[in-house]
Amino acid sequence: MSMFKQLVHHILTKLQQERTVSSVYHLLKGKKSGQTLEDVGMYQLHAFYHLLPKLKRSVYDEVIVALEQEHKIQRTEQGYILHEPYEGHYHFNGWIYRGKEHLFFERCVLVTQTLSHVKAQDMHFTPMVKSITTQQFVKQFLQAEHYHDNQLTTRWLTELKQALQHADLTEMMRVSFVYRLSGHALPGYTWQQLADAQKMSVLDMQIIFIESLHIMMQAKTPLLLALQKDCITSNFLTVSSRQTYEMLQLGYTLEQISQQRSLKINTIQDHIVEIARNVPGFSLQPYVQADTVRQVWEAVNAYQTFKLKTLQEILQLPYFELKLALTRKGE
Amino acid sequence: MLHHLKHYLGYNEFRPGQQEVVEALLQGKDVLALLPTGMGKSLCYQLTGKMMQRTVLIISPLLSLMQDQVEQMKKMGIKRVIALNSFLTRMEKQQALQQLSQYEFIFTSPEMLQQGDVKERLTQLNIGLITIDEAHCISQWGYDFRPDYLRLGKWLKSQKNIPILALSATATYEVMDDIKKVLHMTSPFVYLHNMDRKELHFSRKWFNTTDEKVRWIKEHVMQTMGPGIIYTPSRRKTEEIARLLQDVHIQAAAYHAGLESHDRQLIQAQFIANELEWIVATSAFGMGVHKPNIRQVIHETMSPSLAHYMQEAGRAARDGQDAVATLLCAPGDDEIIRFLALDDLPTKNMVTDFYAGRQLELSETQLRVLTYWYSEWSYDEAIQKLKELITQKMTAIRATQDVLYTDECMRVLLMSHFGQSKQVEELCCSLCSDAVDNLIKVRKWMPLPQQMKLNWQERLDKLLN
Ligand SMILES: Nc1ncnc2c1ncn2[C@@H]1O[C@H](COP(=O)(O)OP(=O)(O)OP(=O)(O)O)[C@@H](O)[C@H]1O
Ligand SMILES: [Mg+2]
Ligand SMILES: [Zn+2]
């Protein structure tokens, strides 16, 4: 069973038959449209956002056809019917890395290649990574860490080994990671070679690799952390909302924030709606009860509408609670 | 001279042509130098620049090539080198321009030279030499037409009194004339290498079908020794043949422009480290790859021009040991070659539509060519140009077909195409002597499947410990 097919199947299951099959494609590509971003929040799909920005439509369509032929799903005029749900277990974190895990890895490649050549006392080599920005970044990093003494190599090796011990990594992920690295007289493997070694497709290999990078990037040891610079997207909140979010995390209440920042309660409430949409796993509990959320969605289904005004008239709920409830579908 | 060579670059002696070229440049002459691939064209401007103690500007057509050259020079210990190209971000470019006077060698692309700020900055520098690498790209007769190279001529005209060095490995007489004209070279010193290399032997094989070629490749590779390159025009075929070879445990990989850059680097590195024995490639492979011990080059299909063919075949035997270039032929190849050669030319209808401002789908090259024509020529002139180009391409195709169908000698045809005469007699080509194929070494061992032998800790230790 292909890893990619499973992934698509998993996301289709999460979408609860409420979207078209294309929305999975847009999600994986990391489309910035309102619809896709809303899906991310509503069905809590942050993990999968922007995993495969280069995914070809034809490749995606093939998988949909395969899922249909296997009677897992069936396309309809409005969307699709899920005949058989599938829930996998993933460690992706696409929302915050957004493709930048590859930048992190390229830096790892260059650092390893350089240190391997230092060890071999042969500094004549062609860098495996061609991006000048990455080359300069790594150069500065290495100079700051005094790469000519062997200590850095030892530290780097130790950090890599430690990160590779992460329990969420499989043995296959570990071996693929280290075989993709190059060193002195030891070139790494191409995607095709890695995939052949594991008897899987190139796309599956790349997906697994992305997952391993997301797991390894949880490592917060100094060198690995330094190489993650600018690889994490944290500006999915407006500046003002981010301030509110930070204060919430420090334990301030809505009212306190409003007072301290001299902003209207309404404004702070809008911030919280934005936070609920964008911060994976942000809990709605303090602001709206689970029962209320359920009620709102029942009304949406019964009256076939998302119009705030109509819903408000039916349910007689504050707008804030309504809006919050509408940010979240899956849980 | 030798003393300078040793002092600046650490070499003990000149290779043929290098000294002549450098001396002419130092006398202030323009130079057109044709030296074989991998024989050290770069040295000509490196040494001249060092001896003049002035900035050298090198205009190079391919971004990847440019970076390879910069890296190679840094490896040699020449540190004040920079590549000014479209790989740079806006910030990087601004920074580079500001610090430009610090550099001894500045690589740039013809496209970059069209940009106002670059042009302006360059005129402020103390440039002592302008080098045009792969100068055959200038020629409208050449196989890789680049309008920006033509525009280059205008700019060069304004750079008075700076000697110009035009470098190429493969150029016919027509192309050489074009180069001189476009670059406004005044009575240049011309150095022509002898293209005939005695260590490179030619072989030709005919088949009834394309499938037979592929079957032959598989059998042949299993029985003989690499390292080698198999050239084929189609990406799909590179993968197909590579897969066939891997299935019989030959260490082979496909290489084409569709692979991501990192993968391409890895394949080159593996080939150079002898971890790969065969590369199955489109014409995207080769520029900037210096592997001395390539023993075989196989053309699954003839290249779209003899200039292409000689450059590809010429990657073999750089170490001076014997190597064989084998050309496979089958009925129908003519069509394929014609298609490849004319593929990137616009059609007459495209020219008409383009001039009429109609929307149309164009390849990158077609767009490049048409945009240039539009900016320089009237519609009638453009149609005339197109006719000329088609005639030229057809002539080039006919030259490749001569090699496909001759019953006499491949080498005579190849050399005469470049205006030279054949000098090598012994084991010249398979049409002159059956013994050519015996130069290919017989495989003595059976290859084993490639595996990841190390576990992850072991490989990490091997990399870093
Ligand atoms: N005089 C010399 N003595 C020893 N080695 C030399 C000499 N001149 C050049 N070389 C070496 O030959 C190799 C090829 O040189 P270079 O890259 O200049 O070739 P080229 O002619 O530009 O090839 P291409 O056609 O691939 O661009 C380099 O590794 C260079 O160091
Ligand atoms: Mg060169
Ligand atoms: Zn002959």
Side-chain angles (χ1 to χ4, degrees), chain A residues 54 102 105-106 109 111-113 115-120 122-133 135-136 150 152-158 160-161 164-165 169 171-194 196-198 202 206, chain B residues 63-64 66-68 70-72 74-77 82-83 85 87-89 91-93 95-96 239 242-243 246-247 251 253-255 259-276 288-290 449-465:
Chain A
K54 290 188 196 143
H102 296 297
F105 183 68
E106 286 189 345
V109 167
V111 169
T112 307
Q113 193 188 5
L115 293 178
S116 179
H117 279 81
V118 170
K119 187 199 71 175
D122 170 12
M123 286 310 280
H124 299 327
F125 64 91
T126 310
M128 283 296 163
V129 177
K130 293 285 149 192
S131 152
I132 297 189
T133 318
Q135 287 182 6
Q136 279 176 350
N150 283 325
L152 178 61
T153 311
T154 315
R155 280 167 60 210
W156 177 239
L157 187 62
T158 313
L160 272 185
K161 281 192 174 170
L164 281 162
Q165 302 278 4
L169 291 169
E171 209 55 24
M172 184 263 273
M173 285 168 153
R174 295 182 180 115
V175 94
S176 304
F177 181 90
V178 298
Y179 267 88
R180 184 84 177 150
L181 297 171
S182 296
H184 181 257
L186 205 64
Y189 278 34
T190 63
W191 288 122
Q192 186 69 58
Q193 289 165 337
L194 286 179
D196 287 349
Q198 304 300 342
V202 165
Q206 288 170 334
Chain B
L63 290 183
S64 54
M66 207 185 292
Q67 275 207 281
D68 284 341
V70 170
E71 278 156 14
Q72 258 182 17
K74 286 193 176 157
K75 266 198 225 174
M76 288 172 64
I82 190 172
N85 57 33
F87 274 170
L88 302 181
T89 62
M91 281 257 291
E92 288 166 352
K93 185 182 146 194
Q95 200 186 352
E239 311 229 327
R243 183 58 77 196
Q246 287 158 4
D247 286 346
Q251 311 304 333
Y255 186 104
L259 297 176
E260 64 179 63
S261 150
H262 189 183
D263 274 359
R264 294 207 300 267
Q265 291 305 317
L266 289 170
I267 291 173
Q268 289 185 14
Q270 291 174 1
F271 191 49
I272 286 168
N274 295 317
E275 283 188 14
L276 281 176
V289 179
H290 293 289
Q450 183 178 21
Q451 308 161 331
M452 294 175 167
K453 292 189 200 77
L454 309 175
N455 68 30
W456 67 271
Q457 286 104 333
E458 287 164 348
R459 178 154 168 113
L460 264 190
D461 284 336
K462 199 162 169 205
L463 284 165
L464 290 163
N465 208 347

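Nothing here was measured: the structure is a model prediction, and the numbers come from that model. Values reported hereafter were calculated over all heavy atoms of this structure, with side chains retained and with hydrogens, waters and symmetry mates removed. To find a chain, count down the sequence lines: A is the first, B the second, and so on, and within it residues start at 1.
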Heavy-atom proximity to chain B below 4.5 Å, by part of [X]:
X       : result
F125(A) : backbone
V109(A) : side chain
V175(A) : both
N150(A) : neither
A185(A) : backbone
T153(A) : side chain

Non-neighbouring partners of E106(A) that pass salt bridge (Lys or Arg N to Asp or Glu O under 4.0 Å), sequence neighbours left out: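 For E106(A), no residue satisfies salt bridge (Lys or Arg N to Asp or Glu O under 4.0 Å) once neighbours in sequence are set aside.
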Taking only residues two or more places apart in sequence, or in another chain, which ones meet D461(B) in a salt bridge (Lys or Arg N to Asp or Glu O under 4.0 Å)?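 Only K161(A) meet the salt bridge (Lys or Arg N to Asp or Glu O under 4.0 Å) criterion with D461(B).
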Could you check whether any side-chain heavy atom of [X] comes within less than 4.5 Å of a side-chain heavy atom of [Y], counting everything from C-beta outward?
X       : Y       : result
M128(A) : R180(A) : no
V118(A) : L152(A) : no
Q265(B) : K130(A) : yes

Proximity breakdown for [X] and chain A, heavy-atom pairs closer than 4.5 Å:
X       : value
E260(B) : side chain
K462(B) : both
N465(B) : both
L454(B) : both

Is [X] reaching over with its side chain to a backbone N or O of [Y], donor-acceptor style, under 3.5 angstrom?
X       : Y       : answer
S116(A) : L463(B) : yes
Q113(A) : T126(A) : yes
Q270(B) : G188(A) : yes

Which value, rounded to the nearest 0.5 Å, describes the distance between L181(A) atom CG and R459(B) atom CZ? 7.0 Å
Option in E458(B), E92(B), K74(B) with maximal non-hydrogen atom pairs under 4.5 Å from chain A: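 It is E92(B).
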With respect to chain A, which residue among H262(B), M76(B), M91(B), E239(B) yields the maximal number of heavy-atom pairs within a distance under 4.5 Å?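 Most heavy-atom pairs under 4.5 Å with chain A: H262(B).
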Find the one option among A197(A), P127(A), G183(A) whose heavy-atom pairs under 4.5 Å with chain B are most numerous.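 Counting heavy-atom pairs under 4.5 Å, the top option is P127(A).
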Max heavy-atom pair count under 4.5 Å with chain B, selected residue of D196(A), L115(A), L160(A), V129(A): D196(A)
